[in-house]
Every structure is written in C-alpha cells, then in structure tokens.
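Working notes for the structure below.
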Amino acid sequence: MPRFSIIVPVHKVQGYLRECLDSVLCQSFPDTELIAVDDASPDNSGRILDEYAARDTRVTAIHHPANRGVGASRNTGAAAATGDYLLFLDGDDTLAPGSLDALAERLKQDGDPDILYFDHVRTYWWDSVDKSLFGELLASAGTDVFRITERPEFLKLFAMTSNRVYRRDFYRGDPEFAFSDGIYEDALVSYKTMLSAERISCLDRVILQYRQRRTGASTRSPGRNHFVIFDQYARLFAFLEGKPELAPLHGRLFERAVAHFHFCLNNPDRIPPHLRREFFRLAVRWYRRHLPAGFVPPAELRSFARGGYARLRMRESAACAVRGAARRKRKLRKTLAVRAKAVLYRFHLRRPIDPGLAVYAAYWDRGVHCNPAAIWRKAQELAPHIRAVWVIRKSEVDQVPEGVDYVIPGTRRYWRTVARAKYLINNVNFANAVVKRPGSVHVQTHHGTPLKKMGIDQQRYPASANGMSFRRLLDRVDRWDFSLSANPHSTEVWERVYPSSFQQLESGYPRNDVYVTAGAAEVEAARAALGIPPGRTAILYAPTVRDYQKGYVPRLDFARVCRELGPDFVLLARTHYFHAGDESLRELHERGLVIDVSRHSPVEELCLAADALVTDYSSIMFDYANLDRPIVIHADDWPVYRASRGVYFDLLSGAPGDTPGPVSTSDDDFVRIFRDGDWNSPRSAGLRSEFRARFCAFDDGLAAERVVRRVLLGDDSPLPHIPLPDRTPAPAPSALPERPRVPAPGVEPSDQVQSAG
C-alpha cells in the first residue's frame, strides 16, 4: 500500500501533461502511485498516459470510453486508489520538487490527520509566479490539529481540490464526498470535507504549482455553464441541514458563496456581458432563499441584498468613469498616430471578404518557400478557383517563379489584398498591423519541428528572447485558426507555447510530401542540378543559427575535413538563411573545396540529392529523417547552445528517439565517423529508426492535400495517415543505376584507385 495516490484527471491537456506527470514521478519520495484518468480526451493525452504507464510501474492509466467530466474522472481515480492519502492534481498543474517528502514528514508528525492543507503558487504564461493569499493563514495554524468549528477562519482557504491531501479511509468513508457534474464541483467537495473532518492540520509550504492558462481552462470559458455554481452551493447548504453543530458556520459559508458569485459576475472570462443581468437575478434569488438570520453583508456584497440590476450598473458606471476617460484619451492619441498609413487598409477592411482569395507568405516574405509553397501548389490542383497572391519583399522579387502573382509589403495593393483575403497562410506571422477579420481563415504552417525552445518558453532564455514582446506575440497567435503539426511532439509543444484557441491540424508538413512522392528521376535531377558527379557520396552540411553569436561562425574546418575525407565525398554546405551569401564560404566554393548551396532553393531538392545529412540543432534533421538516410549530429557547442537557447530533449543522449545518428563534437570526430563507416552503420540505422518513429508520424506524402481539403475546401473528413512501415521514401542516391565515376577536381584517376585501395 503506497503512502500517496496522486490522481490526475486528464482531458485536452496534451501540451502540459508530461510536465505534470514528471513533477510527480521525479519526486524523491518513492512510496507513490499515480492514477491518471483519460476522460476520452480528443487529443494525444491518452497516448501519453499509455506511454508513461508502459515504462513506469507506478503509473496506472484508466480510459473512460466517453467523456464524463472532471468530477467523474476524479471519482474514478479515487475508487482505484490504494494509497494512505489521496492528492488530486489537475493535468496542467505540477508539484514542486520535494513536495511528497515534506507532506509525508508532516503527516507523520500530526498523527495522520483527515486533511492536511498546504500552500500553492500561481504560475503564468509570461513566466511570472504569484504567491497565494493564504500563506499567513496556513502559518498561523502552527502545529495544531483541529476541527473547523474550532478554527472557523480557515473557511477562507481557497476552495479548490489540489491544495490538500485526504486520508483515503476518511474520504471514501462518506458518499457525500463524491464529485458532482459541472464546474465548481471542487468548491462543493472542499467545503463538505472540511466541515466533516475530525482532524485538520496545515503545512506552510508551497506544494502545488497552479497553472493559470491563457486559454483552455474550463473556468475561463465564458457562458451559461457557469450558472451551475448556484446548484453547487445549494447542495452545500442542503448538506448542512440536520447538522446543528455546524449552525455557527452558516454565516461564514454564506458569505463565501456570495463572494464567489460576485467574483464570477465581475469576470468576463466567466460571465459574458449579455448574461450578467440573468446571472445577477439568479444570484439575488439564491441570496434571499439561503440568507441566514442576522447576516450583515460586507459592502462589496450589498448589491445582492438590495437587488436591482439597474442600480448595480449605475454604481459600476460611476466607478469606471474616470478610468474610462483616461483609456479613451490614450487610445485617441494612438489612433491619431497611425491613422495616416492605416486609412487605406481600414477602408478595405470595410469591404466584403473575397472568398476566392488566398494570401501566402514564408520566412518573413523571403519568397515562395516551405510549407506555404507546398500548399499553394496542391491548391492549384485541387482548388483552382481560389486565386493566390504571395507577399514578397522587394529584394526577393527577382527570385519569384514566372507566373506567380505577388504584392510587395506596404504598397497599396498589399493592404487591399491582405484586407480582403479569405485565407492567409504563413510559416511565420503576418505583420502586427494585419487584422484578423471575422470570417477570414489564418493558417500557421510553422517551419520546423521544435528542438529549441519556442513561443513563451523563450522567456527564460535572453539570447533568443532579446527585444521580443511576448504579449504581442500572443496577439499574433490569436489570429491563427489552424496550426499544422508534423508529429505528436510538435502538437504538444505548440499547444503549450502558443496558448490560444486555434485548431491543431495533425496533417504533417506539406513541404515534406516530396520525400515520399519523389522517385529516382527527381533524385537524379536534384544531383545533376547541383553538379554532384556520379559515384560520389554527397554530404549535406546544414547548421542552424546561434542566438548567442553575431554573424556566421564556421563550426567545421572545411579545408581539413575535405582533405581528410578524400575524393569519394563531396560536401554541400548550406548556412542558415540569416547568413546566406557568406564571403568566406563563397571563397571555399570557388576553390572547389565545397559546393556552397546556401542560396539554393528549394531545400527539399538538396535533401533529395544528399546521401547523408550533417546538422547540429536545425529542424532539417526531422524533415530529412523522412528519407530514412543517414544523419550525423555535429554539435561542438551543445552545452552553450542548450543553456542559451533551451531545448526540449537531449539530442546527444543516445536514448531511443532522441538522437538520430552518430554524434560528432570535433573535426576529428567528424572525419572518423565518415572514414570508419559509422555514419552508415547498423547502429546508425537503429538510432534513425527510433527517431523516425517519434518525429515522422504524420509526414506520409499527403500533408498538403489534407490542408487544402480541410482549409480551402471545408472537408472535415481527414485522410488517414499511412503507417510508417507502409511508406516508400524517395530512393537513396546509392540505389540509383550506376553511372561512370567522375574524378574529383584536381585528382587523377590513378590517385583515386590508390586512395580507394
């Protein structure tokens, strides 16, 4: 029998669930079981639970066949628990390190009370942490063990589920403690258990890290569902009937209930403006029905005693008058400042949306690239009635393919086009000034699977967050209707780091379709376009940018590496597009040491041409893995990069699914891996297989079609994913028909024979 049973109800928390489970399983206290209840979650939460249960015997995953609500999930977990104490932990919250040790010690000291309360902090998406309001109250209990009638001030404790542990025999000994349906069920159980406990104690320590989600929390979904609060508190007062010993507490409980109504009424995340009058009317009715004799309401609750919504609104209006005037003054100044260049855009925003117009952009308007380009090409085939216009910066106009319609940012036609477009598709974000019109559809395709920290996770890493406004970032995210994902890992990360209400499309990345659909002809054409001689092994070297460095800093000694690898290999060097056109690399290209492909487009053609990929932390590794060709990681600065940029997993760990192939940390390692054949060994293939299983789940060659059908054609029936074993990647260059070998520049055929021998 474990000391603690941690019960986690799970529904639509895939972006936070791993952190929650890890916070429990990484506790130093060993005597624990974790019971997680998947309430028919429509996302990947159930799969994550099964993954944890398969590798840790302390985890039990229970799956509801149909959605029953968070209360029923807690009831299911409590019924399955075998521990001495129950701790209910929501799937988006976490336990602080060392929590279970501290709880176990205090429970032993207090002689196993019925309930032990503890402190919590609120954590916010902007990386802020707020203390609770109850630290002093908890500390005031000292080492006392008491009944609530002896210390009624503790009725002020936050009436939630996760800030206490229950002795299992006490909790399961009364059927009244089962959770009911609907939200606010935690307040009802909190008060019932507190009123029934014979022995209560408190721990003045932060145990719970209570996440304040920007979106997605049930209590932050405004609507009529919040009206259930009246039924929940009515059940509480029905519970009090026939318990004369609790009569002295009626006034305090009544005040707590009405204060809760007042909080909801004034919170638009719960009660929207059009429902306020009705909510207030029901609150007044509840107030009068349950009013204890002699109760004198505090000033902030007197509106419920007086009734009359019009009177309430008058008082609120008077209180807001000064604040409103100041806000209007600031808004007017801002409006006047931007009106000159926004007037044309505003005019077009008043015109009807053009249902046959789609605007595409990629890499901050750098050209026709990446996922948007693949979607655009598929749309020409499946949705030719939708006209496409690309946003292209002036410096890149000469690279636009013939026949592609485009606009230059800031021009009159640009503002007219983005104002009226039905569909706006980008792999980054459109400019701040672009307005999300009702009826328009914004698609965020992204441009890579995240290894490095993204979105609001960047707040802790100054090297990447320098100068970034995360509030503005989330304003841009709020425009998204769809977010594309190439694998479950991305789905989880996008949900957490871009907290908003977009819909996730687990379509795969459209740019990666070619890795499944291309054949031998496309591979041969790609190699010919790059001038790769037949019989040579082409290594594509594609490192990413370093946030902690300025400019391009080579991570390899190209001259030495090429010399020591010999003429059988040819190195294709591609810098990040931030550094494309580096003079030193161009010089190496002119000397014939490397082929500089930094400005070659598309990058998919480079991948098709290459026998192997060498990269460091670039997301190209996840794309290239679809080809099932060798990948080598060259990471000479991993500790610095990890500390300055932050990462989601240990790329160099060698653990299944983390590392795609051999790892090099120096020029010597790099040369050895290729000369000794480790780059293409069975060990390398085994690592790559696990990596592909984790990160290539959705890239089956149908991604672009999925997006076009769902977004542009409104087809809600998704195309099923082709299983990984059933896919046939584009053939490797080594599998192509043999061609006569071409000598390397400056090397005689006889020299090649000697070196090969």
Side-chain angles (χ1 to χ4, degrees), residues 523 526-527 530-544 554-575 585 588-589 591-598 606-618 620-621 623-625 627-638 651-652 654 659-689 691-692 729 731-736 738-739 741-747 751-757:
V523 175
R527 289 174 71 87
L530 295 169
I532 301 173
R536 304 280 290 284
T537 297
I539 303 170
L540 173 59
Y541 175 59
T544 192
R555 317 303 309 190
L556 275 177
D557 182 341
F558 289 113
R560 177 195 169 191
V561 165
C562 292
R563 182 176 64 252
E564 295 196 20
L565 287 182
D568 290 336
F569 294 91
V570 58
L571 195 63
L572 315 177
R574 180 179 180 83
T575 61
L585 189 58
L588 293 171
H589 175 85
R591 291 170 54 192
L593 293 178
V594 300
I595 300 177
D596 182 6
V597 294
S598 298
L606 300 177
C607 292
L608 287 175
D611 295 89
L613 170 72
V614 177
T615 187
D616 40 30
Y617 323 119
S618 170
I620 195 174
M621 73 179 82
D623 304 334
Y624 193 82
L627 289 168
D628 197 15
R629 300 181 193 173
I631 300 173
V632 173
I633 299 299
H634 179 69
D636 62 321
D637 62 340
W638 173 246
L651 180 66
L652 275 60
T659 309
V663 173
S664 160
T665 58
S666 67
D667 291 350
D668 289 338
D669 287 343
F670 185 98
V671 172
R672 176 190 54 77
I673 287 170
F674 281 95
R675 293 190 65 174
D676 294 353
D678 192 23
W679 66 284
N680 198 20
S681 65
R683 184 181 78 91
S684 172
L687 289 170
R688 186 169 69 253
S689 176
F691 193 80
R692 293 184 74 227
S734 60
L736 300 177
E738 291 189 8
R739 297 287 190 273
R741 196 183 191 290
V742 177
V747 179
D751 295 335
Q752 289 185 311
V753 172
Q754 292 173 1
S755 64

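Along the sequence shown, residues carry numbers from 1.
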Practice task
Of all the heavy-atom pairs spanning Pro729 and Asp628, show the shortest one and how long it is.
Solution key: CG-CB, 4.4 Å
Problem - Backbone N/O of Met621 and side chain of Thr615: donor-acceptor pair under 3.5 Å - result: no
Problem - Close side-chain approach of Arg563 to Val671, heavy-atom, < 4.5 Å - result: no
Practice task
Work out which heavy atom in Pro733 is nearest to a heavy atom in Leu608; give both atom names and the distance.
Solution key: CG-O, 4.2 Å
Practice task
Output all residues satisfying salt bridge (Lys or Arg N to Asp or Glu O under 4.0 Å) with Arg629, sequence neighbours left out; order by chain, then residue number.
Solution key: none
Practice task
Taking all heavy atoms of Trp679 and all of Asp611, pick out the closest pair and write down the distance.
Solution key: CZ3-O, 4.2 Å
Practice task
Using atom types as modelled and distance alone, determine if a side-chain donor or acceptor of Thr659 lies under 3.5 Å from a backbone N or O of Leu651.
Solution key: yes
Exercise for the section: Taking side-chain hydrogen bond (donor to acceptor under 3.5 Å, both in side chains) as the test, write out the residues that go with Asp636, two or more places apart. Expected result: Arg555
Practice task
May I ask you to decide if the ring planes of Trp638 and Tyr617 are parallel, tilted or perpendicular, using 30° and 60° as cut-offs?
Solution key: tilted
Completion exercise
Between Ala609 and Leu530, the two heavy atoms sitting closest are CB-CD1, 3.6 Å
Practice task
Report yes or no: does Asp568 contribute a side-chain atom to a donor-acceptor pair with the main-chain N or O of Thr537 at less than 3.5 Å?
Solution key: no
Handout entry: Non-neighbouring partners of Ala685 that pass side-chain contact (heavy atoms from CB on, under 4.5 Å), sequence neighbours left out
Key = Arg688
Problem - Val614 side chain near Phe674 side chain, heavy-atom distance below 4.5 Å - result: yes
Practice task
May I ask you to decide if Val597's main-chain N or O and Arg574's side chain share a donor-acceptor pair within less than 3.5 Å?
Solution key: yes
Practice task
Output, in order, the C-alpha distance, side-chain angles, deciding distance and verdict of side chain to side chain contact (heavy atoms under 4.5 Å, CB included) for Leu565 and Phe670.
Solution key: CA-CA 9 Å; Leu565 287 182; Phe670 185 98; 4.0 Å; yes
Exercise for the section: Provide the full list of salt bridge (Lys or Arg N to Asp or Glu O under 4.0 Å) pairs with a residue in residues 666-675, sequence neighbours left out, each pair given once. Expected result: Arg560-Asp668
Problem - Test side-chain contact (heavy atoms from CB on, under 4.5 Å) applied to Ser681 - qualifying residues, sequence neighbours left out - result: Asp678, Arg683, Ser684
Exercise for the section: Report the residues that fulfil side-chain contact (heavy atoms from CB on, under 4.5 Å) with Cys607, sequence neighbours left out, ordered by chain and then residue number. Expected result: Tyr515, Leu540, Ile620, Tyr624, Leu627
